[in-house]
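Remarks on the structure that follows.
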Amino acid sequence: MKLSFKKPLSSDYFFYLYLFFVMFLPFTKIGVPIVGKYEFTLADLAIVFLFLVNVLFIKSINKHFRAYIYCFILFVTTVLASGIMAKDYFAFTMGVLPYAFATLVIASTLGFFSNGDHLKQFRFLRNTIFVSLFLSAIPVYFQLITGQKLTYFYDAFGWRYTFLAQNPNQFGVYMILFFFILTLINLKYFSKSLVTVFYLQLIYIPVALFSGSRTATVIFAVNLLVVSFILFVTTSTIKRIIIAPIILICVLSSLSSALELISSSGGQVNRALRVFDILSSNDEVIGDNTPSGHSMEEAKQLFLSYPLFGVGMANKPMYSEVRTEIHNTYLKFLAETGAVGFTAFILIFFLPLIVTMFSSSSNIVKLTLILFYIMFAAMNWPHMLLRQRWVWFFMVIIFIIGKIDKNGIPVRSKLEILN
């Protein structure tokens, strides 16, 4: 693939168009349906245009990034190959459609970072993500202060907060992944600004509780603890002794009143915090008798019956009496694309983590990324997340962070095969 801008992307307006794409990436309500339940959003419009710019004006993707392109092409090829087992080709096309958007996101992002001042690009990307998250907190505080609900920022039933996403789960995944990216960019390239992530997380506590997402709540809490710990161990002794205890006392003393206020204002506090009851009581998050549990068992049986290419992407209902979709990313690929597709999926899914582990990143960056990626991988156990554009954006950005050192220079990996 030959894709280098005639001019550095950071020097022209395409730089800002990419930031526009990032800004509106999670806001799927700002769009129109195109096929079935799929929306064509403002971010999609921007990424399609950027992809065309890449094709027309780029000579080559930076050699340090090509491993991701090759692995992604292999992944898409195996997904398409599962079509030989499909019984319903309309369903198969709908199942493959998200990977067309993924192609646009990956190619445009790698093309964008193939040229220009990488530290400047990361700085603007960080600021855009910060603004996106900050804006999505405003309706919650509007409701807390005025008692009036801005219903456009809630789901179809009007009780769970979604901001501009189609549902609370989308909003929860966006929130978590954007905070992961924000934390890692600041930690690796702008460590002095990591405290701003901490302050934004404090602002975001009511937002997480308004969404009522159990998964998002627990992972958000872990992210907040990670950032707090890093700031504590890297700050001066005076700040540790004086400022940190003051902040801790203020947060703990106001927590009960804050939760009561949030709950009385419409926040789904009880639903969000129920995850801690589930964890403490060792209850199953996904029981064998639930629809999700049944779909996972069926996925295992389908793989054993069709081990090579599976049953075809999105064709599980055609091979089963139960129409429920497989609610598990790993088992879905195992059942619908077989061992061939599952191998390629595992490669592209964990490539960003592998690249970071064999990069020149500091140990604290690597350890933080490992923790974040474990949580990201866990989120994919009870859900199928790879349909969402911001999931692919997250993975390719993590890959790029692993390839660009703290000085903003692309470097070779310590693992030669990744070069």
Side-chain angles (χ1 to χ4, degrees), residues 25-45 47-48 51-52 72-108 155-156 165-167 169-170 173 291-292 294-345 348-349 380 382-393 395:
L25 176 60
F27 304 154
T28 52
K29 277 188 181 177
I30 309 180
V32 294
I34 48 173
V35 181
K37 294 182 179 180
Y38 288 99
E39 297 83 26
F40 190 79
T41 68
L42 285 178
D44 293 336
L45 181 65
I47 204 66
V48 167
F51 180 78
L52 293 175
F72 182 73
I73 290 174
L74 175 63
F75 165 74
V76 172
T77 300
T78 60
V79 168
L80 294 174
S82 72
I84 63 175
M85 301 295 293
K87 293 182 178 180
D88 185 332
Y89 279 96
F90 179 78
F92 175 77
T93 302
M94 292 298 96
V96 171
L97 184 60
Y99 308 112
F101 286 104
T103 302
L104 301 179
V105 172
I106 289 168
S108 299
D155 64 13
Q166 290 292 343
N167 60 63
N169 290 332
Q170 282 189 355
V173 174
S292 295
H294 284 305
S295 73
M296 292 182 190
E297 286 302 317
E298 282 193 295
K300 298 172 187 176
Q301 295 303 318
L302 287 174
F303 170 68
L304 293 175
S305 300
Y306 307 95
L308 192 58
F309 291 105
V311 298
M313 184 58 69
N315 268 245
K316 177 260 183 187
M318 295 71 194
Y319 283 80
S320 169
E321 295 179 358
V322 181
R323 308 294 291 182
T324 306
E325 182 188 32
I326 300 170
H327 287 187
N328 182 299
T329 301
Y330 311 99
L331 294 178
K332 181 178 177 67
F333 278 101
L334 197 62
E336 296 186 349
T337 66
V340 174
F342 183 74
T343 302
F345 157 72
I348 192 66
F349 188 84
N380 280 272
H383 304 289
M384 169 54 183
L385 300 181
L386 266 67
R387 283 186 290 254
Q388 299 172 1
R389 283 80 143 175
W390 48 92
V391 173
W392 288 102
F393 170 73
M395 291 196 294

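- Within the 3.5 Å criterion, the main-chain N or O of V311 finds no donor-acceptor partner in the side chain of E336.
- Evaluation of the side-chain contact (heavy atoms from CB on, under 4.5 Å) rule for L74 yields T78, A344, L347 as partners, not counting sequence neighbours.
- The shortest distance between side-chain heavy atoms of I30 and T41 does not fall below 4.5 Å.
- With contacts defined as side-chain heavy-atom distances shorter than 4.5 Å, the pair L334/L331 qualifies.
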| request: Tell me, with the steps shown, if L45 and F40 meet side chain to side chain contact (heavy atoms under 4.5 Å, CB included). | output: CA-CA 7 Å; L45 181 65; F40 190 79; 4.0 Å; yes
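- Taking T103 as the reference, F72 meet the side-chain contact (heavy atoms from CB on, under 4.5 Å) condition, with sequence neighbours excluded.
- With sequence neighbours left out, the side-chain contact (heavy atoms from CB on, under 4.5 Å) criterion links M384 to Y99, T329, K332, F333, L386, R387.
- Taking 4.5 Å as the limit, some side-chain heavy atom of K29 sits within range of a side-chain heavy atom of Q166.
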| request: For ring pair (Phe, Tyr, Trp, His ring centres under 6.0 Å), just list the numbers for Y330 and F342, CA-CA rounded to whole Å, side-chain angles, deciding distance to a tenth of an Å, and then say yes or no. | output: CA-CA 8 Å; Y330 311 99; F342 183 74; 7.3 Å; no
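- Distance alone, capped at 3.5 Å, is enough to place a donor-acceptor pair between the S82 side chain and the V79 backbone.
- By the salt bridge (Lys or Arg N to Asp or Glu O under 4.0 Å) test, D155 pairs with no residue at all, sequence neighbours left out.
- For an aromatic pair to be called close, the ring centres must be under 6.0 Å apart, and W392 with F75 satisfies this.
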| Pair Y319-E298, side chain to side chain contact (heavy atoms under 4.5 Å, CB included): steps then yes or no | CA-CA 10 Å; Y319 283 80; E298 282 193 295; over 6 Å; no
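- Of all the heavy atoms in A314 and G95, the pair that sits closest is CB-CA, 3.8 Å.
- Contact record, A299 with A335: O-CB, 3.5 Å, taken as the closest heavy-atom pair.
- Pairs passing the salt bridge (Lys or Arg N to Asp or Glu O under 4.0 Å) check and including a residue from residues 80-107, sequence neighbours excluded, do not occur.
- In this structure the side chain of F92 reaches within 4.5 angstrom of the side chain of N315, judged on heavy atoms.
- Applying the ring-ring contact (aromatic ring centres under 6.0 Å, His included) rule to F309 yields no partners; only residues at least two apart in sequence or on another chain are considered.
- Between D44 and F101 the shortest side-chain heavy-atom distance falls below 4.5 Å.
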